[in-house]
Amino acid sequence: MDKKVRVRFAPSPTGGLHLGGVRTVLFNYLFAKHHGGDFILRIEDTDQTRFVPGAEEYIFNCLAWCGLTPDESAIHGGPYGPYRQSERKALYRDYAEQLVAKGLAYYAFDTAEALEAKRKEIPNFQYSHATRLQMKNSLTLSKEETEQLLAAQTPHVIRINMPADETISFTDMIRGEVNFHSALVDDKVLLKADGMPTYHLAVVVDDYLMKITHAFRGEEWLPSAPVHIVLWKHLFGLENMPQWAHLPLILKPDGNGKLSKRDGDRLGFPVFAMDWQDPRTNEKTTGFKERGFLPEAFINMLAMLGWNDGTGQEIFTLEELVKQFSMERVHKGGAKFDYEKAKWFNHEWLKKLPVEQWMPEVKKQFEANNITITDDKKLIEVIELVKDRCSLFSDFVQQASFFFKAPEAIEVTAIQPKWNEQKNLFFAELIRAYELMPLWKHDELEKEFKEIAAVNDIKPGELMLPLRIMLVGGKFGPHVFNIAEIIGKEETIKRMQHTLGMLK
RNA sequence: GGAGCGUUGGUCAAGGGGUUAAGACACCUCCCUUUCACGGAGGAAUCACGGGUUCGAUUCCCGUACGCUCUACCA
């Protein structure tokens with residue numbers, strides 16, 4: 001029987017959680033759940049210089065919002081902890097030493113200055129089989145010298161001793177067989193001078209210890225795969241190595257290249273899952289959540305960036321995605337992010353989900369714009385009326401504020417040129433009639449409106465827009481008489497009089 | 001510079017040796033609508049280029065071009 005599937009997402013807590021990161025989580029999650037396996041979240045915080053307070057908690061919050069709950073993590077617990085690499089520091093050195101003992105790694109004592117000098121001396125310098133004999137390390141020093149330096153606690157790193165002439169190959173679940181020539185891969189640092197492992201060492205040690213069966217990560221990792229393969233071969237055996245899949249990148253909408261936070265700022269759309277405030281600069285970046293996206297839509301949209309089930313279906317629930325997902329159907333090429341399409345996904349989900357479920361978000365958006373809503377029944381009525389014209393929760397502010405508050409700007413210029421005394425008289429009469437209306441219902445209002453128009457011999461079409469401008473302030477929104485009914489007699493008449501005053 | 005990966009309409013993409021080369025988003029036209037949307041009907045691709053293999057290539061092979069990623073004691 002096959003081993004239980006175990007996958008992991010391993011972010012470093014250095015800032016906001018990027019679209020591409022969430023998609024990597026998603027594909028990990030979908031694959032694991034499709035196979036009845038476990039999804040592990042491991043924090044890769046081995047670079048102490050890049051530690052950002054709050055970033056870890058933020059990642060957990062994003063995952064919670066998305067509904068992608070880890071089975072094991074630093075906060076969910078689990079049998080293979082700790083799940084923060086900084087807390088596992090002690091165990092890495094031993095593996096690096098094992099490699100040194102076997103001659104597959106070596107101590108290197110080169111200072112930053114020496115490395116810098118070498119880079120200047122040799123163009124495109126690589127610390128590799130071609131150059132390592134020119135450097136200060138346990139390969140060039142005598143055994144005694146090395147031991148002396150070590151005993152004196154001289155700062156040093158441990159580097160992998162890449163084979164000089166081997167073909168390193170592995171099978172990627174998305175790309176098939178991939179080959180590298182070992183001579184072109186440099187001797188990556190495995191253990192840093194501060195005793196922390198680099199990503200290269202940590203990822204293989206932890207994947208082994210945590211019994212990871214499938215390792216998925218972004219395509220940017222492909223060039224360093226041979227380092228990981230060599231490590232696996234000598235540390236734990238290729239037969240125990242997880243199956244790899246390198247996911248295609250999410251590209252910027254214009255031009256080419258990886259989508260970055262900068263692109264979002266420049267083009268006006270979010271890139272992070274949720275709002276992120278950098279504690280060092282206090283710079284605040286809005287996320288998809290706060291911008292008015294439903295998590296269901298966000299996930300759905302991400303899933304379709306680089307994957308589809310081949311049927312043409314585009315709207316999927318998480319459960320459906322779990323059921324349908326397969327790594328073989330993931331694309332090789334990167335996908336450009338399209339914000340318009342992202343909004344479309346949200347629009348579809350808005351239509352699909354019951355209003356009650358997302359009404360609180362709409363309220364929040366109104367509150368952020370100083371409109372407090374106390375009447376839930378009215379809000380639901382309003383939402384039903386305008387939801388076809390909204391893609392995001394934030395759109396409701398623009399589309400429905402006038403139901404709760406008289407419009408601040410009245411687009412009188414839209415009606416002024418064609419305004420005349422006849423229309424003036426019509427509206428005066430309409431107001432008198434409306435004041436006496438016993439039943440304030442949209443069909444009654446419309447009937448009355450048309451009757452008075454007929455008596456005055458004006459085409460109703462000439463009067464509809466003026467009425468709309470009076471009530472809404474602009475040329476948009478649902479049927480005018482529905483609006484009038486909801487805002488009520490008093491408010492309707494007040495707004496008519498207000499605009500009439502402006503037209504005199 | 002080197003290595004690896006990629007390339008079907010503006011975008012996401014289905015398909016796969018012989019097809020009218022799906023569908024969605026965006027865009028344009030029309031219908032519906034006395035506003036804006038929604039909805040409905042239409043509109044656009046010689047499948048990067050050049051060689052092969054083949055009766056036949058967008059599909060297989062090899063080159064070329066272009067793009068991207070990596071090339072840190074960052075992940």
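Throughout, a chain's letter reflects where its sequence line sits, starting with A, and its residues are numbered from 1.
U54(B) and G23(B) are spaced 36 Å apart, taking the P atom of each and rounding to whole Å. The gap from the P atom of G6(B) to that of G40(B) amounts to 38 Å, rounded to the nearest Å. Distance noted for atom C1' between U33(B) and A14(B): 35 Å (whole Å). Taking atom C1' in both C25(B) and G50(B), the straight-line distance is 34 Å, to the nearest Å. Separation of the C1' atoms belonging to G39(B) and A44(B) is 23 Å when rounded to the nearest angstrom. The same atom, P, is picked in C61(B) and in C30(B); the two are 48 Å apart, to the nearest Å. Taking atom P in both U11(B) and U53(B), the straight-line distance is 34 Å, to the nearest Å. Atom name C1', nucleotides C12(B) and C27(B): the rounded distance is 15 Å, in whole Å.
Across all strands, Pro253(A) comes closer than 4.0 Å to no nucleic acid atom at all (heavy-atom distances). Counting any heavy atom pair closer than 4.0 Å across all strands shown, Lys258(A) reaches sugar-phosphate atoms only and no base atom. Within 4.0 Å (heavy atoms only), Ser224(A) reaches no atom of the nucleic acid at all. Using a 4.0 Å heavy-atom cutoff across all strands shown, Ala335(A) reaches sugar-phosphate atoms only and no base atom. Within 4.0 Å (heavy atoms only), Gly306(A) reaches sugar-phosphate atoms of the nucleic acid but no base atom. Residue-level contact check: Gly477(A) touches the bases, meaning some heavy atom is under 4.0 Å from a base atom. Contact annotation for Asp309(A): no contact, since no heavy-atom pair falls under 4.0 Å across all strands. Within 4.0 Å (heavy atoms only), Val189(A) reaches sugar-phosphate atoms of the nucleic acid but no base atom. Contact annotation for Lys351(A): backbone-only contact, meaning every heavy-atom pair under 4.0 Å involves sugar-phosphate atoms and none involves a base.
Across all strands shown, A14(B) remains unpaired; no Watson-Crick or G-U wobble contact has both distances below 3.5 Å. The base-pairing partner of C27(B), taking Watson-Crick or G-U wobble contacts with both distances under 3.5 Å, is G43(B). With a cut-off of 3.5 Å on both Watson-Crick or G-U wobble distances, the partner of G9(B) is given as none. Searching all strands for a Watson-Crick or G-U wobble partner of C73(B) with both distances below 3.5 Å returns nothing. Remark: U64(B) base-pairs with A48(B); criterion is Watson-Crick or G-U wobble with both hydrogen-bond distances under 3.5 Å.
One finds a side-chain N or O of His331(A) lying less than 4.0 angstrom from the OP1 or OP2 phosphate oxygen of A14(B). Distances shown here put a side-chain N or O of Arg159(A) below 4.0 Å from the OP1 or OP2 atom of C73(B). Look at Lys188(A) and you won't find any side-chain N or O under 4.0 angstrom from OP1 or OP2 of U71(B).
The separation between Tyr199(A) atom OH and C70(B) atom C1' is 13 Å, rounded to whole Å. Distance NZ (Lys252(A)) to P (G10(B)): 20 Å, rounded to an integer number of Å. Rounded to whole Å, atom P of C73(B) lies 19 Å from atom CG of Asp45(A). The CZ atom of Phe9(A) sits 15 Å away from the P atom of A75(B) (whole-angstrom rounding). Rounded to whole angstrom, the span from the CG atom of Leu385(A) across to the P atom of U35(B) amounts to 16 Å. The interatomic distance linking Asn124(A) (CG) with U71(B) (P) rounds to 13 Å, in whole Å. At whole-Å resolution of the value, CG in Asn308(A) and C1' in A22(B) are 12 Å apart. Rounded to an integer number of Å, the gap from CD of Gln126(A) to C1' of C70(B) is 10 Å.
With hydrogens and angles left out, the side-chain atoms of Tyr83(A) and Asp206(A) include no donor and acceptor closer than 3.5 Å. A donor and an acceptor atom, one from each side chain of Glu429(A) and Asn456(A), are located under 3.5 Å apart. Donor-acceptor pairing under 3.5 Å is lacking for the side chains of Gln399(A) and Lys387(A). With 3.5 Å as the limit, one finds a donor-acceptor pair spanning the side chains of Asp165(A) and His181(A). Asn161(A) and Arg132(A) are linked by a side-chain donor-acceptor pair at a separation below 3.5 angstrom, with hydrogens and angles left out of the test. For the residue pair Glu97(A)/Tyr107(A), the side-chain donor-acceptor check at 3.5 Å is satisfied.
Cation-pi geometry between Arg42(A) and Phe9(A) is not met at under 6.0 angstrom from the ring centre and within 45 degrees of the axis.
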What donor-acceptor contacts under 3.5 angstrom involve side-chain atoms of residues 326-333 of chain A, with partners at least two apart or in another chain?
| unit_1 | atom_1 | unit_2 | atom_2 | d |
| --- | --- | --- | --- | --- |
| Arg329(A) | NE | Asn308(A) | O | 2.9 |
| Arg329(A) | NH2 | Asn308(A) | OD1 | 3.0 |

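Which of C73(B), C70(B), C68(B) sits closest to the side chain of Asn256(A) comes down to C68(B). Ranking A14(B), C74(B), U35(B) by closeness to the Arg329(A) side chain, first place goes to A14(B).
Contact check on Arg84(A) versus Glu56(A) returns a salt bridge, with a Lys/Arg side-chain nitrogen under 4.0 Å from an Asp/Glu carboxylate oxygen. Ion pairing between Lys252(A) and Asp263(A) holds under the 4.0 Å rule for side-chain N and carboxylate O. Salt-bridge annotation for Glu348(A) and Lys352(A): absent, with no side-chain N of the basic residue lying under 4.0 Å from a carboxylate O of the acidic one. Contact check on Lys423(A) versus Glu462(A) returns a salt bridge, with a Lys/Arg side-chain nitrogen under 4.0 Å from an Asp/Glu carboxylate oxygen.
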Legend entry - nucleotides 25-32 of chain B: protein proximity per nucleotide (B base, S sugar-phosphate only, - neither; heavy atom, under 4.0 Å): S-------
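If you find the closest nucleotide of RNA chain B to Pro460(A) and to Phe337(A), the one lying nearer the 5' end belongs to Phe337(A). Where Thr46(A) and Lys450(A) meet RNA chain B, the nucleotide closest to each residue was compared, and Lys450(A) sits on the side nearer the 5' end.
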What N/O pairs connect the protein and nucleotides 3-6 of chain B at under 3.5 Å? Give each pair on its own line.
| unit_1 | atom_1 | unit_2 | atom_2 | d |
| --- | --- | --- | --- | --- |
| C5(B) | O2' | Arg175(A) | NH1 | 2.8 |
| C5(B) | O2' | Glu219(A) | OE2 | 3.1 |

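Side-chain contact between Ile299(A) and Phe316(A) is absent, with no heavy-atom pair separated by less than 4.5 Å.
Scanning atom types as modelled, one donor and one acceptor separated by under 3.5 angstrom connect the side chain of Arg389(A) and the base of C36(B).
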